[in-house]
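The block underneath contains the structure these notes are about, expressed in structure tokens.
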Amino acid sequence: MNLDQLPYFIAIASYGSLSAASRHLNVTQQALSSYLTELEKTVDMPLFFRNSQKLYLTDAGRRYLKTAREILNVVGRTRNTIEMLGRTPDEELHVGISPHTGAQLLAECMLEFTQRYPRVRLIPHEGYWHERRRLLEAGTILLALTSMNAESVPGLQSVPVYRDEFLLALPAYHPRAHRVRHYDALPVADLYDFRDEVFVLPSPEIATYKIIEPLFRQAGFRPTVAASSPNITMHATLIRTGTGIGFLRYSEDTAFSFYRLKNPPYSYNGVVAMPTHVFSEPERYLIYLINKHNMLEHNVRINSDMIQDIIREFGDMEYLGEQLL
């Protein structure tokens, strides 16, 4: 397997045409045809089949494509790692994150971010919202990831990146649990109908408390609270083990049974900065990655011109079209 020629195979698979791939790669169509013939002879099976003048991957071709991309990713990461050995990064990007959701978001984006900006070091600062706001105002961090109960945070510049709906979560063995798993088919409930239940709630120091707490006033009752915690993992575990019912983001975890509410609560998850801050290119790319990794049809809404501009800058029009559905 010639690593230098792996982009040939990826281009042929992407364009479905030797002529289009040759234009993209700036090599002759004859060279690509010879490469493909030799490759299929080496693996001893067809990697493409032709239908109406277009090339389509066979099962073996799909496996080869997946492996080719994985190999090129490993090569790219290795080169970046070697580049960084013994060198001081040109830039540090200090980002405030919550100890749970924010940490997970940043971890999911870190590999792609580092591949694009190997000379920029992402430095996370964990803390609950009041701590992240203090770090922003002190200039220790430039950005903070946060959940909001609206699309803006007073006194700060905010960029809502994606939207999450909170669902009423019951343990799977609860008497009122159901077997529906698909988000679009979940039953819709009135919170008032659960007034006799015991609840597990977020504690006041985290942002989601301000999203969840008003729901009970709107429903017209005060909940009986068995436990509260700022820790999302503990929160979910308390619900799973039957301490009480509560509010979680949708997942396919079979340990829970979910209801959507008639007036669903949302958190706008995004990035905040000081009012005069101008987002750098690496910062905009990080925002793009957060949006990309959380693109779920049922909870993403782009209400921000800035987000649309960022997706156009780093993504493609097909991706943007999916976002705007």
Side-chain angles (χ1 to χ4, degrees), residues 1-84 108-120 161-162 280-297 300 302 305-325:
M1 182 181 286
N2 186 335
L3 296 185
D4 291 335
Q5 291 181 326
L6 287 180
Y8 290 6
F9 187 86
I10 293 172
I12 296 169
S14 298
Y15 286 94
S17 160
L18 290 175
S19 59
S22 69
R23 289 193 296 272
H24 172 75
L25 295 166
N26 198 27
V27 299
T28 67
Q29 185 173 335
Q30 180 58 44
L32 282 186
S33 179
S34 299
Y35 156 76
L36 185 55
T37 299
E38 191 62 33
L39 178 60
E40 290 184 323
K41 187 183 298 184
T42 300
V43 301
D44 196 27
M45 61 179 62
L47 300 174
F48 292 91
F49 67 89
R50 185 180 295 276
N51 185 12
S52 301
Q53 303 304 307
K54 188 170 175 65
L55 293 173
Y56 295 90
L57 289 165
T58 62
D59 288 342
R62 282 191 289 272
R63 179 63 61 87
Y64 195 92
L65 176 63
K66 181 176 184 293
T67 302
R69 285 172 169 162
E70 289 173 349
I71 289 172
L72 289 181
N73 281 335
V74 170
V75 170
R77 290 199 302 270
T78 303
R79 285 174 179 162
N80 287 342
T81 301
I82 292 172
E83 251 184 57
M84 294 175 68
E108 288 172 347
C109 299
M110 195 167 285
L111 175 59
E112 286 180 79
F113 182 90
T114 303
Q115 286 176 334
R116 187 179 182 102
Y117 299 103
R119 306 288 292 155
V120 179
V161 179
Y162 70 100
S280 67
E281 181 182 313
E283 291 168 352
R284 295 196 304 275
Y285 186 64
L286 179 61
I287 292 171
Y288 165 76
L289 290 178
I290 293 170
N291 180 275
K292 175 184 171 184
H293 281 269
N294 291 278
M295 192 185 73
L296 300 173
E297 289 183 4
V300 170
I302 298 180
D305 290 340
M306 179 178 176
I307 288 295
Q308 294 183 33
D309 290 343
I310 287 173
I311 292 173
R312 288 189 180 94
E313 181 179 3
F314 298 105
D316 53 45
M317 293 309 294
E318 180 179 356
Y319 172 69
L320 180 63
E322 291 174 351
Q323 288 278 288
L324 292 172
L325 288 177

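In what follows, residues are counted from 1 in the order of the sequence shown. All values below were derived from every heavy atom in this structure, side-chain atoms included, with hydrogens, water molecules and symmetry-related copies excluded.
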How close do [X] and [Y] get, heavy atom to heavy atom, and via which atoms?
{"X": "S22", "Y": "T28", "answer": "CB-C, 4.0 Å"}
{"X": "Q29", "Y": "S19", "answer": "OE1-CB, 3.4 Å"}
{"X": "A60", "Y": "P46", "answer": "CB-O, 4.0 Å"}

Step by step, work out the side-chain contact (heavy atoms from CB on, under 4.5 Å) result for R63 and D59. CA-CA 6 Å; R63 179 63 61 87; D59 288 342; over 6 Å; no
[atom1] of [X] to [atom2] of [Y]: how many Å apart, nearest 0.5 Å?
{"X": "L65", "Y": "L6", "atom1": "CG", "atom2": "CG", "result": "10.0 Å"}
{"X": "K66", "Y": "I71", "atom1": "NZ", "atom2": "CD1", "result": "11.0 Å"}
{"X": "S14", "Y": "L57", "atom1": "OG", "atom2": "CG", "result": "9.0 Å"}
{"X": "E112", "Y": "R116", "atom1": "CD", "atom2": "CZ", "result": "10.5 Å"}
{"X": "L39", "Y": "M45", "atom1": "CG", "atom2": "CE", "result": "11.0 Å"}
{"X": "Y288", "Y": "I310", "atom1": "OH", "atom2": "CD1", "result": "11.0 Å"}

Is a side-chain donor or acceptor of E40 paired with a backbone partner of L47 at a separation under 3.5 angstrom? yes
If you take the centroid of each ring, where Trp contributes its six-membered ring, are F48 and F9 closer together than 6.0 Å? yes
Min side-chain heavy-atom separation I10-Y64 under 4.5 Å: no
Residue list, side-chain contact (heavy atoms from CB on, under 4.5 Å) with S34, at least two apart or on another chain: Q30
Kindly write out the residues that satisfy side-chain contact (heavy atoms from CB on, under 4.5 Å) with V27, not counting sequence neighbours, or none if the list is empty. Y8, L25, L32
If you count heavy atoms of other groups shown closer than 6.0 angstrom to CE of M110, is the number above 12? yes
Which of these, Y285, Y117, F113, sits in a ring-ring contact (aromatic ring centres under 6.0 Å, His included) with F314? Y285
Would you call the rings of Y15 and H24 parallel, tilted or perpendicular, taking 30° and 60° as the class edges? tilted
Residues two or more places apart in sequence or in another chain: which of them pass side chain to side chain donor-acceptor pair (under 3.5 Å) with Q5? none
